[in-house]
Q: 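Before anything else, here's the structure in question.
These figures come from a predicted structure and were not determined experimentally. Labels below follow one simple rule: chain letters A, B, ... track the order of the sequence lines, proteins then strands, and each chain is numbered from 1. What you see below is based on every heavy atom in this structure, not just the backbone, and it leaves out hydrogens, waters and symmetry mates.
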2 protein chains.
Amino acid sequence: MIAVTYAGGDRLRIEAHGHVLFTDQPVEDGGEDTAPTPTELFLASLSACVAFYAERFLHRHKLSTEALKVSCAYGWAENPHRVGEVDLTVEAPGITAANPPEVRIRVASGQPVDALVERRS
Amino acid sequence: MIAVTYAGGDRLRIEAHGHVLFTDQPVEDGGEDTAPTPTELFLASLSACVAFYAERFLHRHKLSTEALKVSCAYGWAENPHRVGEVDLTVEAPGITAANPPEVRIRVASGQPVDALVERRS
């Protein structure tokens, strides 16, 4: 169970099995920018889901997770106003020339969303 | 741009325009339960999105946001393992018998997800 309660201004308090987080709106949209927006939380959850699968994959294959990074760029669409484009990039320096290419493909394709693995050696 | 980096164990550090949050996994799944899971973050974002629209609606109609609450129950589905059911409940005590029924309907139907407005007077 997730519970969201009103916390003044545009701030919302979210509780999830004892963990508390907040959302807010940017100043230009009438908020106070004290926390990410609900939309950023959505994109954060997608990105963290991909990063979690990548992390577990790297651990399972005894590859370094040290500099694992998932970046999420996004764009808006209108009518209705919504996120219209999501571009996720997985950087996994633990995957080097010593690893077969299929390792990289499996990191990317194991996710519920498209992901692009950038190889850094 | 959202950026997720590895923070040890199953912990992930998420940064969104200067705001930082974390995800983790429950102890029974191998994590340390220091933060919500990526899945909980996803459900939190849905719930917060509904709560934000409700909050702005209530403000616009000069109704109280004081005890606004959005609860999100959910269930799992398998093959693949995923969230299979989401049940969002909006409690808006600011909406009373003095408000016409269409106000309650508009609070519920203005969201991108199904929402049930519970009337408390």
Q: Under the salt bridge (Lys or Arg N to Asp or Glu O under 4.0 Å) definition, can you give me all pairs with a residue in residues 62-74 of chain B, not counting sequence neighbours?
A: none

Q: Should the pair B:H61 and B:F57 be assigned to parallel (<30°), tilted (30 to 60°) or perpendicular (>60°) ring geometry?
A: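 Parallel: the ring planes of B:H61 and B:F57 meet at under 30°.
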
Q: Heavy-atom pairs under 4.5 Å with chain A - which of B:V20, B:T39, B:L43, B:L68 has more of them than the others?
A: B:L68

Q: Heavy-atom cut-off 4.5 Å, strictly under: side chain, backbone, both or neither for A:R56 against chain B?
A: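 For A:R56, the contact with chain B is made by the side chain alone.
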
Q: Below 4.5 Å, heavy-atom pairs only: which of A:P36, A:A73, A:A16 has the largest tally toward chain B?
A: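 Looking at each of A:P36, A:A73, A:A16 in turn, A:P36 comes out on top.
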
Q: With a 4.5 angstrom heavy-atom cut-off, is it the side chain or the backbone of A:E55 that approaches chain B, or both, or neither?
A: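 For A:E55, the side chain is the part near chain B, not the backbone.
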
Q: Taking every non-hydrogen pair under 4.5 Å, which of B:T37, B:D10, B:L21, B:T23 racks up the most with chain A?
A: B:D10

Q: Parallel, tilted or perpendicular: which describes the rings of A:F42 and B:F42, with under 30° parallel and over 60° perpendicular?
A: tilted

Q: Taking all non-hydrogen atoms of both residues into account, name the closest pair between B:G31 and B:D24 and its distance.
A: CA-OD1, 3.8 Å

Q: Out of A:E15, A:R82, A:H17, A:R11, which one racks up the most heavy-atom pairs below 4.5 Å with chain B?
A: A:H17

Q: Do the rings of A:H59 and B:Y6 sit parallel, tilted or perpendicular, given the 30° and 60° boundaries?
A: perpendicular

Q: Which residue out of B:A3, B:P26, B:S47, B:A35 racks up the most heavy-atom pairs below 4.5 Å with chain A?
A: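 Of B:A3, B:P26, B:S47, B:A35, B:A35 has the most heavy-atom pairs under 4.5 Å with chain A.
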
Q: Who wins among A:G8, A:A48, A:P80, A:G18 for the most heavy-atom pairs under 4.5 Å with chain B?
A: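 Top option by heavy-atom pairs under 4.5 Å: A:A48.
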
Q: Using salt bridge (charged side-chain N to carboxylate O under 4.0 Å, His left out) as the criterion, list what pairs up with B:E32, not counting sequence neighbours.
A: none

